[in-house]
Amino acid sequence: LQEDYFVKADLIVSELKKCGITHVIGVPDNGSRAVYELLWKTPGMTVILTCREGEAFGVAAGLYVGGKMPLLLIQNTGFLESGDALRGTGVAMSLPLLMIIGYRGYATLNSNNPARVDTAASFLEPTLKAWEIPFYLMKDDAAVANISKAFGQAQSESRPVAVLLVGEAS
Amino acid sequence: MMDKVECLKRIAKYRTDEVVITMMGVSRPWAEISNHELDLAWVGSAMGHAADFGFGLALACPDKKVVVLNGDGSMLMSLGTLVTISTHPPSNLILIVVENGTYEVTGNQPIPGEGFVNFATIAKGSGFDEHKIYEIDKLDDLEATLPKIFKEEGPIFAVLKVKPEDEPPPIRRADHSAKYIRQPLAEDIRKLKAALTK
């Protein structure tokens with residue numbers, strides 16, 4: 001099923017700059033590729049691609065403790081893989097980690113055929129709730145402001161907070 | 001094969017103001033030798049991710065050397081990190097794998113590849129400079145090499161071949177014999193961040 005949601009990548013990057021993000025760590029997917037491509041051209045931003053998403057949490061934690069402001073930019077599949085890394089860094093260390101998580105399969109959630117529902121999507125919100133990670137949806141340009149809201153909550157509560165990127169950034 | 005504690009004593013002898021992150025079977029013995037505000041026990045965090053953390057810290061603090069005393073089982077959990085490090089190589093990172101061939105704190109079950117896995121070869125294949133990869137199995141060689149490891153530009157990758165022992169699982173608790181394993185992890189992280197940014 002086609003993902004019919006689009007968010008402008010330049011708006012996302014502008015919002016990240018407003019938050020003072022210095023490093024973006026993760027693994028690109030189709031939803032985030034335009035954001036990555038723009039980040040590589042953005043002065044003051046360092047992009048670090050990791051081999052697996054769990055690794056990105058350790059890198060981000062180290063950057064934060066060393067005085068930088070990291071963002072994790074990963075897909076829901078990689079987030080699901082990263083459970084213990086998130087627990088052992090962001091949660092156990094009480095780190096204000098901002099995550100943008102690609103919501104692969106969002107459009108399949110309303111399918112009448114359960115076999116057509118992408119479990120990467122159907123597992124995501126229940127997993128975030130079970131792991132007690134606050135999250136915001138980002139389906140359109142107006143919702144880009146949720147990045148700053150999530151960032152503010154992460155900072156004030158010293159915990160990881162997620163923004164779920166629905167569809168493809170363009 | 002070397003004695004683990006003797007290796008740690010020699011590392012402590014040459015350590016000055018580097019951050020030292022310890023993992024699993026190394027965490028408690030290190031506390032018997034060192035009491036430094038830049039020591040961090042990776043106890044209560046996520047196994048396999050100490051090297052990732054050390055890499056991020058080294059990137060953030062280019063003027064501060066970061067030493068990760070990783071286990072071999074822990075290193076196997078995130079071999080991709082070696083490639084990530086080589087892609088953004090921090091000159092201030094010293095990654096040491098303390099190789100005993102076992103999961104020591106759970107009773108010395110053999111790690112996958114025990115007896116044939118070659119971490120130095122993996123590091124080389126992952127992009128580490130072969131002149132900055134060390135494989136050491138004698139204390140005299142360790143003593144001779146450590147000044148270079150601490151002095152030269154990294155990233156450095158060193159494998160220390162040690163005998164398995166019977167270290168119990170490190171668990172954070174208020175009455176732990178090792179002072180730096182008494183506080184909750186978040187508290188130690190807060191202190192480390194404060195020490196690094198003061």
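Order of the sequence lines fixes the chain letters, A, B, ..., with proteins taken first and strands second; residue numbering starts at 1 for each chain.
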Residue among Asp188(B), Thr197(B), Thr84(B) with most heavy-atom pairs under 4.5 Å to chain A: Thr84(B)
Can you tell me how the ring of Phe55(B) sits relative to the ring of His88(B), calling it parallel under 30°, perpendicular over 60° and tilted otherwise? tilted
Part of Ser78(B) within contact of chain A (heavy atom distance under 4.5 Å): side chain
Cation-pi check for Phe150(B) against Lys65(B): NZ or CZ below 6.0 Å from the six-membered ring centre and within 45 degrees of the axis, yes or no? no
Given a strict heavy-atom distance threshold of 4.5 Å, which part of Arg52(A) is in contact with chain B: side chain, backbone, both, or neither? neither
Under the side-chain contact (heavy atoms from CB on, under 4.5 Å) rule, what do Ile11(B) and Leu146(B) come out as? Steps first, then yes or no, please. CA-CA 7 Å; Ile11(B) 292 168; Leu146(B) 278 169; 4.0 Å; yes
Which answer fits Phe57(A), side chain, backbone, both or neither, if we ask what part of it has an atom under 4.5 Å from a heavy atom of chain B? neither
Does any heavy atom of chain A fall under 4.5 Å from the side chain of Leu185(B), the backbone, both, or neither of them? both
Considering only heavy atoms and a distance below 4.5 Å, find which of Leu49(A), Ile25(A), Thr46(A), Asp84(A) pairs most often with chain B. Asp84(A)
Measure from the side-chain N and O atoms of Tyr36(A) to the backbone N and O of Leu73(A), and report whether any donor-acceptor pair falls under 3.5 Å. yes
Highest number of heavy-atom pairs under 4.5 Å with chain B: which of Ala61(A), Ser158(A), Ser94(A)? Ala61(A)
Does any backbone or side-chain atom of Met77(B) lie under 4.5 Å from a heavy atom of chain A? Answer side chain, backbone, both or neither. neither
Please tell me whether Tyr134(B) and Phe157(B) form a close aromatic pair, meaning their ring centres lie under 6.0 Å apart. no
Are the side chains of Ile94(B) and Val66(B) in touch, meaning some heavy atoms are under 4.5 Å apart? no
From the list Lys163(B), Lys4(B), Arg28(B), salt bridge (charged side-chain N to carboxylate O under 4.0 Å, His left out) with Glu104(B) holds only for Lys4(B)
Of all of Gly62(A), Gly67(A), Gly88(A), Ala85(A), which one pairs up most often with chain B through heavy atoms under 4.5 Å apart? Gly62(A)
Below 4.5 Å, heavy-atom pairs only: which of Ala60(A), Gly58(A), Gly66(A) has the largest tally toward chain B? Gly58(A)
Using a cut-off of under 4.5 Å for heavy-atom pairs, which of Lys68(A), His23(A), Met93(A) has the most such pairs with chain B? Met93(A)
Would you check if there is a donor-acceptor pair between the side chains of Ser34(B) and Arg15(B) at a distance under 3.5 Å? yes
